[in-house]
Amino acid sequence: MDRMTVRDVDVKGKRVLVRVDFNVPLNPNGSISDDGRIRAAIPTLEYLVEQGAKVIIVSHLGRPDGKSIPSMSLEVTGERLSELIRHPVRFIDKCIGPEVESGVNSMADGDILLLENLRFHSEEETNDPEFSARLARFADIFVDDAFGTAHRKHASIVGITRHLPSVAGLLLEKELNSLGHILEKPVRPFCVLFGGAKIADKVKLLENVMDKVDVILVGGGMAATFLKANNYIVGKSIVDEKGLELAAKIMAKAAQHNIRLLLPRDVVVTGDLTPEARGICVQVENIPPLGKIVDIGLLTINQFTRELERCRTVFWNGPMGIYEMPQFSEGTKCMADVISRLHATTIIGGGSTAEIVAELKLADKMSFVSTGGGASMQYLSGENLPGVEALMRKL
Ligand code: 3PG
Ligand code: MG
C-alpha cells in the first residue's frame, strides 16, 4: 500500500488518536446486535497497546445531527470492546474540552480511552477546522482505521490530518488490499452477485469492473427493475423507475463484453407484507398483477448456485429478498451458505450484507467481509475516498 501505516511510526509513549467506525447496529433495548466493526478494529488497538501507546479512540454512532442523544452514546461499544480485547477501556462522555484533556493527561502507556460520539457536535460533519484542531490538541499521532466512514469528508477523517502526523490503521489497510484485489487482479471467472433495492449505487461499480467480471447475478429488489426493463410484468413490485434506463444500459454493456448477466427465472411473490404474509413461487412470466416480488425462487437459487460454484472470485452485496421477514429470507440464506462453501476468494460488501453474514455465523467462512457499506461500494466504483486521499496527501 502506497501510504504509511501504523507500523511505520514509533508510537511508544505517544498519545495516539485512533478514528474507528463503531457505528454498530443496536437492538431496540440498546444492546449491540452485530459487533463486527468492533472486532475488526481490534488488531490496530491491540498493536498500539502492545507498543506502549496511549490509545484514544474516537468514533460516531448513528446520525444524531449535532445533538447529544443518549441512545447514541458510544459507552455500550466501550463495554463490548473491553470484553473483546480483555483490557480496561475508560469512557469519557465528551470528545473535546478540558475533561478530555485531563483524562488524557492521566493516561499511562498502554491505556485505552474511548471518547463520546463525535456527531454530537455538528462541526464533525461540516469538517470544521476549529473542531479538528480541538480534537488534535490532545494527541501526537492520528491513526485512521475507520474504513466504513472513509467516504465521508468529516473533521475526524479529513480535517484532523492537517494537524497531526497521520497514518492508516491495520483495518483500513486490509480493506483497501482486499477490495483492491477485485479491482486489480481477480482470479477468473469472477462473479458479482447483487441484490438490494437501489440500482444507481451498483451501476458505477459494474461499469468499473466490466472488463474483469465474467458473471453478474441479479436478485433482490433490483431484480424487479431489471425484469421490467426486459418487458416482464412485475405486478405490484417496487420498480426503481429511474433505474430502468440504467438497467437496460447495464444489460447492453454486459452483452457487448460477453458477460453472462442472469436475472431470476422464478420468484416468490406475495400480496401483502404483514408478518403472517405467505408467498408463492412463480416463474417470472407468470407474476400475478397484485403480486410483489419478495425473494428469488428455487430454480433461481439452483441456477445462481451453479454459476457461483464455477467461479474463483465472488463479490456479493445486497439481500436476495426481504430478509427481515423470515418467510422471505430463504434465497438470501441459501446464497450466503453457498458462497461460504466455495473454493474461491469470497468478498462480502459491508452494511446489511455483512450483518446478514454475521447473523448466519458465516463471516469466518468468507475470505473477507468489508466493514464499509457505502465506502466499499464507492471504492469499488473507482471513486476516491476522502479519508484515504487525506492520508495520501500526508506523504
Ligand atoms: C456507515 O455505517 O455507513 C458508516 O458508519 C457511515 O455512517 P453514515 O452513513 O451515517 O455517514
Ligand atoms: Mg451509511
Side-chain angles (χ1 to χ4, degrees), residues 18-27 32-42 44-45 57-69 71-74 76-78 80-81 95 114-128 131-132 143-160 168-169 171-172 174-176 179 195-202 204-205 317-319 323-324 348-359 363 368-381 383-391:
V18 190
R19 180 32 159 126
V20 297
D21 187 337
F22 281 180
N23 184 24
V24 289
L26 300 175
N27 295 311
I32 296 169
S33 68
D34 175 12
D35 61 9
R37 283 180 161 179
I38 302 177
R39 289 175 186 273
I42 287 181
T44 298
L45 301 175
I57 304 173
V58 286
S59 177
H60 74 285
L61 174 61
R63 292 180 174 169
D65 284 334
K67 290 184 284 290
S68 286
I69 299 186
S71 62
M72 295 186 198
S73 169
L74 279 165
V76 59
T77 66
R80 187 79 191 107
L81 171 64
C95 65
L114 171 68
L115 304 182
E116 185 54 288
N117 195 338
L118 294 159
R119 289 192 188 172
F120 286 178
H121 297 261
S122 57
E123 296 89 339
E124 161 67 355
E125 293 185 66
T126 55
N127 193 22
D128 180 83
F131 183 70
S132 48
V143 175
D144 184 356
D145 215 18
F147 176 75
T149 322
H151 57 320
R152 304 290 184 218
K153 198 177 162 201
H154 292 173
S156 68
I157 301 281
V158 174
I160 188 95
L171 173 63
L172 186 67
K174 191 170 158 195
E175 290 270 5
L176 296 176
L179 298 174
K198 278 185 262 152
I199 292 192
D201 304 358
K202 292 167 178 133
K204 283 202 188 117
L205 189 154
N317 186 289
Y323 179 79
E324 311 76 68
I348 310 301
S352 62
T353 321
E355 283 168 37
I356 289 167
V357 166
E359 193 191 301
F368 184 68
V369 181
S370 177
T371 55
S376 67
M377 294 299 284
Q378 192 164 321
Y379 184 63
L380 291 174
S381 299
E383 288 170 37
N384 286 330
L385 294 175
V388 176
E389 277 207 309
L391 294 181

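Scope of the values below: all heavy atoms of this structure, side chains included, with no hydrogens, waters or symmetry mates. In each ligand, atom 1 is the first atom listed, and ligand 1 is the first ligand listed.
- Looking at heavy atoms from C-beta onward, Thr77 lies out of side-chain contact with Val20 at the 4.5 angstrom threshold.
- Nearest protein heavy-atom contact of atom 11 (O) of ligand 1 is Arg152 NE, 2.6 Å.
- Annotation: atom 8 (P) of ligand 1 to nearest protein heavy atom, Arg63 NH2, 3.4 Å.
- Counting only distance, with no hydrogens or angles, the side chain of Asn317 and the backbone of Gly349 share no donor-acceptor pair below 3.5 Å.
- In this structure, the protein non-hydrogen atom closest to atom 5 (O) of ligand 1 is Asp21 OD2, 2.8 Å.
- The only option from Ile38, Val76, Asp35 that meets the side-chain contact (heavy atoms from CB on, under 4.5 Å) definition with Val24 turns out to be Ile38.
- For the residue pair Tyr323 and Glu359, a side-chain donor N or O sits within less than 3.5 Å of a side-chain acceptor on the partner.
- Contact check on Arg37 versus Glu175 returns no salt bridge, with no Lys/Arg side-chain nitrogen under 4.0 Å from an Asp/Glu carboxylate oxygen.
- With ligand atoms numbered from 1 in the order given, ligand 1 contributes 4 (C), 6 (C) to contacts under 4.0 Å with heavy atoms of Gly148.
- Heavy atoms of Glu125 found under 4.0 angstrom from ligand 1: none, in either backbone or side chain.
- Residue contacts with ligand 1: Arg119 is included, with a non-hydrogen atom under 4.0 Å away.
- Only the side chain of Arg37 comes within contact range of ligand 1, with a heavy atom under 4.0 Å; no backbone atom does.
- A distance-only check finds a donor-acceptor pair linking the side chain of Asn23 to the backbone of Gly62 [under 3.5 Å].
- Close N/O approach between Asn23 and ligand 1 is found [any backbone or side-chain N/O within under 3.5 Å].
- Protein heavy atom in closest approach to atom 7 (O) of ligand 1: His60 NE2, 3.2 Å.
- Rounded to the nearest 0.5 angstrom, Gln378 CD and Glu383 CD are separated by 5.0 Å.
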